[in-house]
There are 2 protein chains.
Amino acid sequence: MRDTTTTRLRSLDPLFHPRSIAVIGASDDPLRIGGRPIAYALQLGYTGKIYPVNPKRETVQGLPAYARIGDVPDHVDCAIIAVPGPLVADAMRACAAKRVRGIVLFSGGFAELGEDGRRLQEEIGRIAREGGMRLLGPNCIGAFSVPHRAFPVFLSGVTGQVPAARVRIGLASQSGGYGGHILKLAEQRGLAVHELVTTGNEADVEVGEVIHWMAESPDIDLILAYVEGVRSKEAFIAGLAAAHRNRKPVVLMKVGATEAGAAAAASHTAALAGADGIYDAVIREYGAYRAGCTEEVLDIACALSAGKPLLDRKLGVISISGGAAVQIADFACAAGLRLEPPDAGVQRRLREISPFGSPLNPVDITAQVGNQPEIFEDTLEQLVEAGYDAILAWLGPSIAHPRAGARMREALERMSRKRPDVLVTISVMGEPAALAALRDAGCLLYEEPRRAITALAALDHFQRAFSTPLPARPGLHGVELLEPDTVFNEVQGKQVLARAGVPLLDERLVRTAGEAAAAARAIGRPVAVKVVSADIVHKSDIGGVALGLATPQDAADAVTRMAAAMPRRAPGARIDGYLVSPMLADGVECIVGVHADPLFGPVVMFGIGGVLVEVMQDVAFALAPLDLQGALDLVRRVKGHRLLTGFRGKPPADIAALAKALVAISKLAARNADRLHTLEVNPVYVLPEGQGVVALDAVVQTGAVRPPRPEAIP
Amino acid sequence: MRDTTTTRLRSLDPLFHPRSIAVIGASDDPLRIGGRPIAYALQLGYTGKIYPVNPKRETVQGLPAYARIGDVPDHVDCAIIAVPGPLVADAMRACAAKRVRGIVLFSGGFAELGEDGRRLQEEIGRIAREGGMRLLGPNCIGAFSVPHRAFPVFLSGVTGQVPAARVRIGLASQSGGYGGHILKLAEQRGLAVHELVTTGNEADVEVGEVIHWMAESPDIDLILAYVEGVRSKEAFIAGLAAAHRNRKPVVLMKVGATEAGAAAAASHTAALAGADGIYDAVIREYGAYRAGCTEEVLDIACALSAGKPLLDRKLGVISISGGAAVQIADFACAAGLRLEPPDAGVQRRLREISPFGSPLNPVDITAQVGNQPEIFEDTLEQLVEAGYDAILAWLGPSIAHPRAGARMREALERMSRKRPDVLVTISVMGEPAALAALRDAGCLLYEEPRRAITALAALDHFQRAFSTPLPARPGLHGVELLEPDTVFNEVQGKQVLARAGVPLLDERLVRTAGEAAAAARAIGRPVAVKVVSADIVHKSDIGGVALGLATPQDAADAVTRMAAAMPRRAPGARIDGYLVSPMLADGVECIVGVHADPLFGPVVMFGIGGVLVEVMQDVAFALAPLDLQGALDLVRRVKGHRLLTGFRGKPPADIAALAKALVAISKLAARNADRLHTLEVNPVYVLPEGQGVVALDAVVQTGAVRPPRPEAIP
């Protein structure tokens, strides 16, 4: 971590575990907004000094109160502000004068209320920046840190207790209300949320920085994040990258469309998948997991909380029902989770254990386990010994079985003692006491097997993500800076591409049959001849296109024929000449676009031409610039990818050349991030392996140079 | 309902509510398989006679026992058999002699154990058929009917109690074990399962018949079904159709691949989407809902159990969190559930109620409701008065709010009394007591809003399904019966299609320039000329294709040119002539296939040509034969459908002609169901509106005539 980054991260400490706090708008009532943080500090073992600020009282909750923060006789690390919106700016100025380092601002009445509020919010942001203070909020419910016994928060029901757990959770939420909701759900599930931070309107501190702070915190192992819209790409990406570097899973829920996305929806490239697809791409590129709903966040958090990664990514499934086994195989397949069958020897032993079951994976041990409970334990042991590092067992209601249920529970307890490294997940229903016993034995429990599979697939996701390096961003040295405010015509646009290193078609405009023959000779392969006229729309309908001309003489004949026929077939059309171009065969048309995203900057879009893009929206996005590996990943992410690998007897396409072109286009886009408006190459024609690609068309447009973002405070 | 159908359905009554029962293999121990049905009959108020059969005992559970069923002095309506597999056949013969009408066969040891068991199962099936007895099982856990106090079942924990409910559930499951599991989950959720039937190995009674029986039963309003593989198309479809006719929702879980699907996987058409896609199509055509997992079945059953259909299909959403509102809008959109905004007047009033919220749908009332709980009730009333017949409210943890929580609960209780017809769904978390109070007020509760939306979307599904007629099957009078065991070549195949009413391309084989001119003149529009030679693979590369020939003279010139050039360019190639065909422009290539499904018979597959089918598997299926409406529905079900409606400046395609061709092909397939092996038309070229379609290729193959299914017992 670079020093400036460290400094900037450390500037958040006064917010999340302040050494001393003042509460401006302090209340004697421990249930009121201005009372709760004091009550928590007193009750939950906060070790720093507490200074209530309230001009109307001598004491607050038994502590001496101060009329103004300036009256506090000591240094104040963090000021919690809980006064009405219109009074906030003055309070913050007083804090700045007092050299407070962090502000937790509960008050609402800012950007969430429209234009006036937005102006007020800008003002307090400025006060914070100029005063060298970090500001959490406004319109947030604050933060807490259980390990630091710090609770600058007004959420009700904070206990300061967490269950003992190997995996300590940090929860970062933009929404105070929804963050509190997720916290309560997590507590219900027995998850250990050690730190909560809500960022509210984000006048200063944003959720990406909080993720970053948690990624570097020694107190956090797993980060859950609730995001409504990211404010700065850099902070968000730095946060995800730090978590990846430190191998801390980030399970993120991103809802709705950004302002950026809405603005971008007008542009063709973005409208194809919406800004949401760009979020997907960024989250994926940086190894985080995007969950579709809150329940999924928590299901996955439970699985990750077991602290047992799928090192060998081998999941063994045991089922006492054939139907459940089929379901689980279906769910695993849909989730991209491979169920490897055991080797022949293990299969033979499994067949001995359950003669009427199935020894493949899922292993169906049948309801016979009701009569012979040892079948379950024997199967479990076989699979664990065979190297499966996670087991999913569908036991349905059998835990309630009068005889077999207890035996199966004992088997699970024994396994948990013998092999605490093996993750055992049970899909089961039953009385709370029986379930609690299984949980105590270290088992993960999911009633619905589909949810178990989703959670296990997320473990697999992180195992893959942590063993894959983050995208490398190539340098932009020597990449052309385009003229701003320019609409490049097709020829100019293609020249821009050519200078960037994207090959063009070797085509020549000729006027005579002789020139056509010469052009065909120079091209040195079969050519096509097309009449060039702005007055002729459907060239091929009137014989204005000749394909597959094998020799220079054929090309010359074609021009002669067209020259003779056009006056009759397209009377009055002005003929500008004839285009002689190499016949392209066996290639695949692709589309490469650059979307200038207001939030993420230039984003490269890739798709395979025609209906896959237009009808199926089969496109993938990646941030620019890309290196070769990133370009290859991007290409592989479209569903139609197999069209490039030798589909239906076609030769495999030159994916290496395509990737090089993508890198070139992405670098051009990144170099011109401050001015690029549109860059679309449609189609990029990808020839068979070894023959390269050509850009057949190009739309390039720049706008005014956009100023860089305002300098962030140090 | 026709009389034979009625008779056949009524033949199931002795199984599901027998007037008298004998238990063969009766046990004195009420916990054993042969003891449980007797214990249930005694304890749960069965009103018929009970005859234990056990040669070793004088009495069983206090009742006089008989050595053989023949010794029972009275008529026996239903015999429950719980003896080891090898003794079953003899027991059944004794039942047949005693003129028992139904057998519930618990015993295992049949088809589930392989070849020997399969033979034994066939034998007992025959005994039942010949003895005029209906047979449930083998390898099932039986059935129960709470309203008839009949419990021929060996599942543990049957209480004979159901909660009072407007909607009475029938649960039909092939798997005994999984059926019991679903039952217990349903009971946990407070659902009223009035009848349970498990069909096990289905030697006779199959799940489709059970669905049918429940669809016609006055005791059942909602059918849940768990299906691993359907045995007969007719019974399955008759069951779904009866449920649709009687407006009883069927929520069905179908897992895994059928034997039929496995067999069919080898055939190209089926492999495109797998037999599973055919199940999807059939379930959809007949208005049932296919759930993806057990949790979804139960979530939807809960919603349907409220007994409040979405008549106006207007769902109003209220949220106290902006983020939750965005989530719900996302989920609704993904589930195809439209959230209609309120009209301007209502919006104005909503804005007055929540000045800082959003009056659109979802209506965001913000956390302000904590200070002003009346906001919730006022909003609720506005929406209900505005005609929303269902409300989804996201209240998160606010039910626990010290002041507002109780007020919101009261508002919900008042609304439930005032407008019991309005379905109120709450996404909420909280203490069990608070949640129970909401449930008592008639609210549906889902912690996760995505699950609430899935359940509400299912209500919408049934509302749509019940207002859509079932597919009509056109008659097959006059449709050609093809020769069996024949491989038709392309020309013959096309002639078959032409006779069925599918237009072909008007193309002519010529030998000379003069013939080419005559052919072009007869075709009467621009033509293409192609050299015909088995020795030339890439015609266009060597100038063997001329397109867009506007006049007969152009066509003649093209032939002259090719005749001159071919000896030079393709030395030694044997030239069979030249094909003159009309230029087709602006059309869309489609694929129509018929998959001869071993279970469902001929199934029509439709897709839009090229990559959409090959790469994206964008195909849809429907049972043959189709009427025009069914054909139009089929076309609309592929995602690429917009390619046919005037995509990107193309003229709209002649969908009416395409539908007519689909009807013709489907009738041909249905007429030849007993022999058809392959029928594929690829491509069907769909011209612009008014210009029709042409079949450009055809593969037709028949096999041996398959015998009709064995006659079912009456």
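By convention in this document, chain letters (A, B, ...) are assigned in the order of the sequence lines, proteins followed by strands, and residues within each chain are numbered from 1.
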If you count heavy-atom pairs under 4.5 Å between each of [options] and chain B, which one has the most?
options: A/Gly548, A/Cys293, A/Ser156, A/Gly544; answer: A/Cys293
options: A/Tyr178, A/Tyr226, A/Phe647; answer: A/Tyr178
options: A/Leu547, A/Leu643, A/Ile542, A/Leu185; answer: A/Leu185

* Asked: For B/Glu448, what residues pass the side chain to side chain donor-acceptor pair (under 3.5 Å) criterion, not counting sequence neighbours?
  ->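 Partners of B/Glu448 by the side chain to side chain donor-acceptor pair (under 3.5 Å) criterion come out as none, since no residue qualifies.
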For [Y], is there an ion pair with [X] - N to carboxylate O distance below 4.0 angstrom?
X: A/Asp299; Y: A/Arg450; value: no
X: A/Asp330; Y: B/Lys254; value: no
X: B/Arg451; Y: B/Glu295; value: yes
X: B/Arg290; Y: B/Asp276; value: yes

Name the region of [X], side chain, backbone, both or neither, that has any atom closer than 4.5 Å to a heavy atom of chain B.
X: A/Thr294; result: both
X: A/Gln174; result: neither
X: A/Asp557; result: neither
X: A/Pro397; result: both

* Answer yes or no: is there a donor N or O on one side and an acceptor on the other, between the side chain of B/Gln188 and the main chain of B/Lys184, under 3.5 Å? =>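 Such a contact is absent between B/Gln188 side chain and B/Lys184 backbone.
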* **Between B/Gly177, B/Gly292, B/Ala367, B/Ala550, the one whose heavy-atom pairs under 4.5 Å with chain A are most numerous** =>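 Of B/Gly177, B/Gly292, B/Ala367, B/Ala550, B/Gly292 has the most heavy-atom pairs under 4.5 Å with chain A.
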* Select, from B/Ser175, B/Pro449, B/Gly323, B/Ala324, the one with the greatest count of heavy-atom pairs under 4.5 Å involving chain A. =>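 Winner by heavy-atom pair count: B/Gly323.
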* Could you check B/Tyr446 against B/Trp394 for ring-ring contact (aromatic ring centres under 6.0 Å, His included), going step by step and ending with a plain yes or no? => CA-CA 9 Å; B/Tyr446 298 91; B/Trp394 191 88; over 10 Å; no
